[in-house]
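The structure appears below as structure tokens.
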Amino acid sequence: MKKVAILTSGGDAPGMNACVRAAVRYGIYRGYKTYGVERGYTGLIEDDIFQMYPRSVSDIVQKGGTILHTARCPEFKDYDMRAKAAENLRKRDIDNLIVIGGDGSLRGGLDLFNDFGINVAGLPGTIDNDLAYTDFTIGFDTAVNTVLWAINHLRDTNTAHERVSIVEVMGRNCGDIALYAGLAGGCEYVLVPEIKVDFKEVAESVQQSAKRGKTSNMIVFAEGAGDKTELIKAIKEITGRTPTVTTLGHIQRGGGPNMFDRVMAARMSVHAIDVLSSGEGAWAIGVKDSKIFDMDLAKALSMKKEVDSELYKLTRVLSI
Ligand code: ADP
Ligand code: F6P
């Protein structure tokens, strides 16, 4: 009988559970025995693998986090550890694996295929939207909406007190959360890791905007965009105002997935089972122009993510 295992790895993202549900149920529909792996690659190494049934994934489509739990597993970069993981799959005759995670997680899957011939389908599950091969990752849209919720709340008090406000968001080296939330939230400035900006210029711009009648300013600061204390210092020096600083932190990773992420999770998981059924290989599953597609995993991971400079320009133009 055909068998497939499913794991979630790296930072959790809203929609991971929706992926697990769809992969298990569609896998069974396509004649597979389906298995879950606890705590990502850690569970693969420690042999924490168990069979899953349609009822194992009841009542999870709407939940954040991941019922399989997740982990960062640096040991997986070690060939001997991967050999152990492959052995744990092989002794159950499992030669297909669905990996749901970000860049590091998909790289781990590629290594497993290259070294031990385990077929891998990688689903982009991360709030960061930092994978170049796909328009969107699962969890990004929900996370941006969580940030927007926070920006709306901050805006109320910011406007009432006529303040300058800095809101720090996640994204590691990718500015997409900041960019999309900043544009959708009508923020004055978006600072992203990919575009270096002189913080004095930002402070000058806050000062200029006051002359144009703006009483409050909101700056979205991506966590990888530099030293936040330097920005605060520049704003104090140039405007004489002390900005409020709100770091949203892990709240951005939680919460139930929205419609977009749930539907994408279902479509990508179904595609993953279909591509694994087509033969041997390692594939990345993504979405381009609203269509779900697969491509060679190595090729997908060799692509370099670039910031959308048009969107960035728009945030500047619309903040006059
Ligand atoms: P994400 O998958 O969300 O990007 P990480 O970058 O933290 O999160 O990666 C998740 C896990 O994948 C990490 O524990 C990392 O050690 C593991 N991993 C396994 N193999 C590799 C690899 N070849 N390169 C990078 N990370 C890997
Ligand atoms: O990759 C998801 C992410 O939330 C990043 O945006 C962030 O930099 C990182 O994970 C935080 O990781 P941790 O949960 O280990 O603090």
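Count residues from 1 along the sequence. Every number for a ligand or one of its atoms is a count from 1 in the order of the listing.
Of the protein's non-hydrogen atoms, the one nearest atom 15 (O) of ligand 2 is Arg72 NH1, 2.8 Å. Protein heavy atom at the shortest distance from atom 1 (O) of ligand 2 is Asp128 OD2, 2.7 Å.
Within the structure, the closest approach of His250 to ligand 2 falls below 4.0 Å when heavy atoms are considered. Between Gly171 and ligand 2 there is a heavy-atom distance shorter than 4.0 Å.
Using bins of under 30°, 30° to 60° and over 60° for the plane-to-plane angle, the ring pair Phe260/Phe136 lands in the perpendicular bin.
Minimum heavy-atom separation, Arg155 to Cys187: NH2-N, 4.0 Å. Scanning all heavy atoms of the two residues, the minimum distance from Pro124 to Met268 falls at CD-SD, 3.6 Å. Of all heavy-atom pairs between Thr66 and Asn17, the closest is CA-OD1, 3.3 Å.
Met170 is not listed as a side-chain neighbour of Leu248, based on a closest heavy-atom distance of 4.5 Å or more. The closest side-chain heavy-atom distance from Ile219 to Val202 is below 4.5 Å. Counting heavy atoms from C-beta outward, Phe50 and Glu38 have side chains that approach closer than 4.5 Å.
With atom 8 (O) of ligand 2 as the reference point, the heavy atom nearest to it among Met170, Arg172, Glu223 is part of Glu223.
Contact annotation: for Arg253 versus ligand 2, heavy atoms closer than 4.0 Å belong to the side chain alone.
In terms of the side-chain contact (heavy atoms from CB on, under 4.5 Å) criterion, residue partners of Phe116 (sequence neighbours excluded) are, by chain and number, Tyr79, Arg82, Ala83, Ala86, Leu112, Ile118.
Protein residues with any heavy atom under 4.0 Å from ligand 1: Ser9, Gly10, Gly11, Arg72, Cys73, Pro74, Phe76, Lys77, Gly102, Asp103, Gly104, Ser105, Arg107, Gly108, Asp111, Arg172.
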